[in-house]
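Worksheet: the structure to be examined is printed underneath.
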2 protein chains.
Amino acid sequence: MAPNVLDDARLTAIGLLFEVHDGLTRRLAEQLSEHGLPPAEFEVLLRLARSPGGRLRMSDLAAQVSLSAGGLTRLVDRLERRGLAERAACPTDRRGAFAVVTPEGRRLVEKAVRGHVELIERWYTGLLEPAELAAVSSALRKVRAAVHPGADAGTTPAAASL
Amino acid sequence: MAPNVLDDARLTAIGLLFEVHDGLTRRLAEQLSEHGLPPAEFEVLLRLARSPGGRLRMSDLAAQVSLSAGGLTRLVDRLERRGLAERAACPTDRRGAFAVVTPEGRRLVEKAVRGHVELIERWYTGLLEPAELAAVSSALRKVRAAVHPGADAGTTPAAASL
DNA sequence: GCGGAATACTTGCGCGTGCAACTGGTTGTA
DNA sequence: TACAACCAGTTGCACGCGCAAGTATTCCGC
């Protein structure tokens with residue numbers, strides 16, 4: 001084991017994080033595709049379904065799901081074509097638009113989310129002791145606060161002023 | 001807060017993991033692009049540079065970096081065009097091919113990796129107490145073992161027989 | 001040692017995404 | 001009121017990727 005720059009412990013530390021992410025993504029995507037839902041579309045529907053009025057501003061949604069504005073435009077296009085979401089004008093700002101889940105979209109996420117959560121339990125949360133999981137989450141929360149501002153764009157008025 | 005299926009704690013637990021991943025990816029990609037390296041190409045070069053002889057079988061490499069065979073073929077094509085890697089025939093199996101880092105490729109990763117590690121320190125490892133980081137890594141190792149078999153394809157002879 | 005199944009890589013094709021340019025709407029300044 | 005800077009969302013374009021089909025080689029049963 002050469003004390004090489006290429007073998008830095010920090011490199012393997014994020015490597016671990018990334019590999020876990022890939023692995024989980026893969027498993028979860030498989031299950032979601034049984035419902036005809038790519039992961040990104042599932043996440044958008046989920047976030048809409050959780051929001052008051054089932055709606056969110058396009059730009060807030062884009063920030064939450066880490067998608068570019070253009071990417072989100074087309075994603076919502078696809079959802080709209082399938083009748084899972086629709087757009088609504090923003091009364092206070094005529095530039096803006098809301099994305100809104102339709103009842104059908106809501107039914108679909110609620111159906112898909114059950115198996116989804118089961119898989120999370122099987123491949124992630126269930127593999128760890130409760131205390132272990134709590135420790136991981138608390139650590140990740142710190143990191144998220146640093147690297148992913150706007151994770152909760154549009155959820156709290158205060159968040160906008162950060 | 002409705003005790004809704006959509007607000008399951010496990011959902012927010014992976015959400016956290018995924019958001020951290022996105023955030024880190026974004027920051028790191030920015031730095032790598034200063035060296036003209038997309039993250040996937042950096043990772044491939046890094047893994048090659050760390051391997052004995054600077055070489056790895058295409059299929060092992062694909063498994064390690066979670067890329068499809070086709071995807072890796074083209075990624076190595078790009079590296080080859082830039083003179084950062086090349087292919088070598090496998091003497092024992094004429095179907096197979098090795099990807100090999102060139103000296104120039106090695107110079108580039110070694111140059112890029114310094115800033116890369118600095119950013120990891122700043123946005124991940126440095127944000128956590130040593131014990132905290134150790135706990136996270138130990139937990140993630142368990143998860144990886146479950147969800148990402150083949151994370152070390154081609155590194156140990158035993159791994160091939162799983 | 002012959003024929004079929006499995007394996008290692010490559011290629012054609014379609015799709016989702018980011019980036020940059022564009023349209024229309026809003027806010028600030030004088 | 002007029003003008004400029006800015007902002008929200010959409011569209012054109014190029015690119016990287018997965019999937020499935022194709023080619024070449026190796027492995028296995030008989």
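Protein chains get the first letters and strands the later ones, always in sequence-line order, with residue 1 at the start of each. Note that the coordinates shown come from a computational prediction; the quantities given were computed from them, not determined experimentally.
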Please confirm whether any donor atom in the side chain of B:Arg74 sits under 3.5 Å from an acceptor in the base of C:dG12, or the reverse.
yes
Measuring only between side-chain heavy atoms, which start at C-beta, is A:Gln31 closer than 4.5 Å to A:Glu118?
no
For B:Leu56 and C:dA8, what is the distance between atoms CG and P respectively, to the nearest whole Å?
14 Å
Give me the one residue out of B:Val136, B:Val20, B:Thr125 that meets side chain to side chain contact (heavy atoms under 4.5 Å, CB included) with A:Val143.
B:Val20
So does A:Ser59 get a side-chain nitrogen or oxygen closer than 4.0 Å to the phosphate oxygens (OP1/OP2) of D:dG9?
yes
Should the ring pair B:His116 and B:Phe42 be called parallel, tilted or perpendicular, given that the plane angle runs from 0 to 90° and is split at 30 and 60?
tilted
Would you mind reading off the distance between B:Arg82 atom CZ and D:dC15 atom P, rounded to a whole angstrom?
14 Å
Which nucleotide, C:dC9, C:dG18, D:dT25, lies nearest any side-chain atom of B:Arg94?
D:dT25
Whole-Å distance, B:Met58 CE to D:dT25 P, equals 17 Å
Can a side chain N or O of B:Arg87 be found less than 4.0 Å away from OP1 or OP2 on C:dT10?
yes
B:Leu72 has an atom CG; how far is it from atom P of D:dC19, in whole Å?
15 Å
Is A:Arg78 near enough to C:dT17 that one of its side-chain N or O atoms lies under 4.0 angstrom from OP1 or OP2?
yes
Quick note, B:Leu75 side chain, CB onward, closest among D:dT10, C:dT17, D:dC17 is D:dC17
Rounded to the nearest Å, what distance is computed from the CG atom of residue A:Asp93 to the C1' atom of nucleotide D:dG9?
11 Å
Interatomic distance where CG belongs to A:Leu61 and C1' belongs to C:dT17 [whole Å]:
15 Å
Over how many whole Å does the gap from A:Asp77 atom CG to D:dT10 atom C1' extend?
8 Å
Atom-to-atom span, CD of A:Glu41 to C1' of C:dG16 - whole angstrom
9 Å
Could you tell me whether B:Ala97 contacts a base, only the sugar-phosphate backbone, or nothing, with contacts defined as non-hydrogen atoms closer than 4.0 Å?
sugar-phosphate
From the list A:Leu79, A:Leu48, A:Val44, side chain to side chain contact (heavy atoms under 4.5 Å, CB included) partner of A:Leu84 resolves to A:Leu79
Donor-acceptor pair under 3.5 Å, A:Arg95 side chain vs D:dC7 base:
yes
Heavy atoms under 4.0 Å, any strand shown: does A:Gly96 hit a base, just sugar-phosphate, or nothing?
sugar-phosphate
Which of A:Ile14, A:Leu16, A:Thr12 passes side chain to side chain contact (heavy atoms under 4.5 Å, CB included) with B:Ser137? It is A:Leu16
